[in-house]
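Working notes, beginning with the structure itself.
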Amino acid sequence: MRQNASGRESQSSAGSAGTALNEAQNQAATHGEGPLLLLASPGSGKTTTMLMRIGYLIEEKGVQASRIKAVTFSKASAEDMMSRFARLFPALAEGQRAPDFSTIHSLAFGIVREHFRSRGIVYRLIEGRSDSARDGQTLNEPRNEPSKTIILRDLYRRLQGEYPPDDRLEELTRYIGFVKNKLVPLDRLSEVRCDVPNAEALFREYERYKLSGTDALLIDYDDMLTIAHAALAEDPSLRMKVQKRYDYVMTDESQDTSLVQHAILEHLVQGHGNLWVVADDDQSIYGWRAAEPGYLLDFKRKYPAARLLKLERNYRSTRSIVDVANRFIKRNKNRYDKNMFTERPDGDPITITVLPDYTFQAKYIVEKIIDKGRLGETAILYRNNSSSILLMNALDRAGIPFRIKDGDARFFSHWIVEDLLNFMRLTFNDRRADVLEKIHLKFNGYVSKRQMAQLLELEADREDSVFDRLLKHVPLQDYQVKPLGASRDIFRQMSGAPPREAIRIVRDRLGYDKAIEKTCERMGYRKEALVGILNALEEIAEPLETMEQFAARLKYLEARMRQSGANKDVEAVTLSTLHSSKGLEFSRVYMVDLVEGILPSADDARRFDKGDSAEMEEAARLFYVGMTRAKEELELLAYGRKEGEAVQLSRFVSEVRELQRPHADQPSGKAHSTLQPPPTPVAAGNPNAIRNPEALIVGARVRHPVFGDGEIILKIGDSVEIRFGQETKRLSANICVQRGLLEPSPTVRAQEPVDR
Ligand SMILES: Nc1ncnc2c1ncn2[C@@H]1O[C@H](COP(=O)(O)OP(=O)(O)OP(=O)(O)O)[C@@H](O)[C@H]1O
């Protein structure tokens, strides 16, 4: 490096890249032979250091680029590294001289191919997910690429008698990957937790199918790893051949490397031990996918000669963010101790905003974004993909360009969405038995499968509705007659209703909510998730006048989600899950839905209460990853109510609030374990008073001591217009807040409105 942090001239020529490394970076980049573990805090320049090391090895040590293997976490980061390397060392990045950046999967696949070739094994790859897999599509249909989704769906149906819903299929896929990545022996499968009934049997069936399903051996992405590992272990000539290929092996994001991946890397460096590993155990967020951060804690045992270095200086964020994030993560117990610090200025404190109700969140963010601008420097981060739906709906309505990182469009093909559209279809034409067939078990009157089959056999009558045909021609139970007659009338009344009203009628009067509840009991689904989908649909329907508009809006949003990478060249807000935000940085970050049950999840909390803190610590790390994406401004958003029920502020937000108080506890503070989810806090004076002017957002219902209950209809700067009955008042937001003049109206009062 041209110059290190201590000002000494260094021998390394990586300085040709013009970057002055600090002392720790410099030591790591110019490390000689043997294993090294570099523990790096967020924003501490680990990628920069890794690239500089490659430059150093080539320029200073005369190592041929092709003898260096740099393993990255994803294909996108391999590409990103290559382009960053090309910027730092343009002369070294061309043609044959370029170093070899790739994912561990691509490395493993190369080994697998060699192994299969030498044994004459014919194989076909199973591709990951197929969005086009629908009920009825089976394994027997010819396809170019076998799809893992279709294979698993079909095996599931064969074993369980019905198709799995998407989330169950996803859980099954995760389980299979987990077992492989953890190298779980077949006789210990039962020790791996999985919420899918008969997961173990399904796993075995899947393995059997891959061996016997077609003319060739089928392998999926996880198999690449296990097969490469086994081949290296069992075939000395292959192992030696692969070992001879690289003199230096480097891995990035190693906190998320799994056991089988570590094992492959071990084979690779067995001869020379030149393994250079960079990791941040505090950013390990893929435990559920079998990442093995514990391996890092054990690194010294595995490689007793290993050198251990730390990069603790954060170049990204202001001191306010770095200090709080550092003390926050120190509450985790299972970690290497690090002390992240920064030389950057203080900046603004982290903002904590608790809105009265979930429904205000998207509107609130939209207002903030309009107010603050700098779209390209803004990110909204969330725990679950489902959060993106209402955010994108609101941003789109406000005409704010956005891009979604790794968007997930499955919401739009969820069976709940299909159900609602079918209910609406039946209001257009209540003679369609084919539409009734899709929902006949889901509303009052409950038409059995047998009755439905009888109805379908009847000749379609031009005049009669499906209900009249049922009542006239199909034998019914006595108790069905009245509700089916009533349902016919309700469907007729619904015809032409605005979509939001129609959804409410389906839910309340046709008894869809009750049917959902029963399905949840029968199938073990999470009711909150399904109700959340219904509420999101209501929100999308809110301003629309017709059901056609509603269907078109859903189509539009789905298309928008599918082109998630759109707006690449436009100044656009980034929407991302916390997981996908790793490695990114933005001037301004909003973290949303920070309530108990989401982050941490109900499952994290349950296990934690039983004394198992692993998941809770991973949830804290995920929160930490989110916080450390922000360069200047970080706002944490929560609310007091969701889906009509009170919710509690995330314990992580309470911890941040506590850490921001003057003289908050210092290093080593409390473990997350000592903090219970807090009771919703109250303000001084009028305990219900709204204390943050930003909570006064359009649509919020408030109560004033003189004017009574009202609704905010306009807000421009400090001025808020509130409609109280027939009268509209224009008030100063700041004065109202300072004097505690407004509180949420009683429908939402139970919760604290806003806190900072
Ligand atoms: N020695 C240095 N002097 C000045 N700036 C630096 C130095 N090292 C890194 N940086 C800057 O710090 C920022 C973060 O660097 P980099 O992207 O390499 O971090 P990272 O450790 O990979 O981050 P994360 O793990 O959070 O994704 C970049 O803008 C980089 O240019």
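When a ligand or atom number is given, it counts from 1 through the structure's own listing order. Sequence positions, counted from 1, serve as the residue numbers for this chain.
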Which of these, D281, D280, D282, sits in a salt bridge (charged side-chain N to carboxylate O under 4.0 Å, His left out) with R335?
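Only one of D281, D280, D282 forms a salt bridge (charged side-chain N to carboxylate O under 4.0 Å, His left out) with R335, namely D282.
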Check: G45 N/O within less than 3.5 Å of ligand 1 N/O:
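For ligand 1, there is an N or O atom that lies under 3.5 Å from one belonging to G45.
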Are any of the N or O atoms of G43 closer than 3.5 Å to those of ligand 1?
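Right, the criterion is met.
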Polar side chain donor-acceptor pair, [X] to [Y], under 3.5 angstrom:
X	Y	answer
S587	R374	yes
E266	Q270	no
E635	Y364	yes

Is ligand 1 less than 4.0 angstrom away from at least one heavy atom of [X]?
X	value
R313	no
G583	yes
R84	yes

Salt bridge (charged side-chain N to carboxylate O under 4.0 Å, His left out) with E377: which residues, sequence neighbours excluded?
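Salt bridge (charged side-chain N to carboxylate O under 4.0 Å, His left out) list for E377, sorted by chain: K631.
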Numbering as shown, the atoms of ligand 1 that approach [X] to under 4.0 Å (heavy-atom distance):
X	result
Q283	25 (O)
Q25	1 (N), 2 (C), 7 (C), 8 (N), 9 (C)
S44	21 (O)
R629	26 (O), 27 (O)

Result of checking E33, R67, K61, H272 against Y248 for side chain to side chain donor-acceptor pair (under 3.5 Å):
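Testing Y248 for a side chain to side chain donor-acceptor pair (under 3.5 Å) against E33, R67, K61, H272 leaves exactly one candidate, E33.
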Charged N to carboxylate O under 4.0 angstrom, K372 versus E633?
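The answer is yes: the pair qualifies as a salt bridge.
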Could you pull out all residues at least two apart from T49 that satisfy side-chain contact (heavy atoms from CB on, under 4.5 Å)?
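Counting only residues at least two positions away or on another chain, T49 forms a side-chain contact (heavy atoms from CB on, under 4.5 Å) with Q25, A28, A29, L38, W276, L311.
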Below 4.0 Å, non-hydrogen atoms only: which portion of E23 touches ligand 1? Side chain, backbone, both or neither.
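No part of E23 comes within reach of ligand 1.
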Does only the side chain of A20 get under 4.0 Å from ligand 1, or the backbone, or both, or neither? Count heavy atoms.
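Backbone only.
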Out of Q255, E343, K46, whose heavy atom sits nearest atom 25 (O) of ligand 1?
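Shortest heavy-atom distance from atom 25 (O) of ligand 1: K46.
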Only heavy atoms count here, so choose which of K582, K631, R316 is nearest to atom 24 (P) of ligand 1.
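Looking at heavy atoms only, the winner is R316.
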Would you call the rings of H579 and Y286 parallel, tilted or perpendicular, where under 30° means parallel and over 60° means perpendicular?
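The arrangement is tilted - the two ring planes meet at 30° to 60°.
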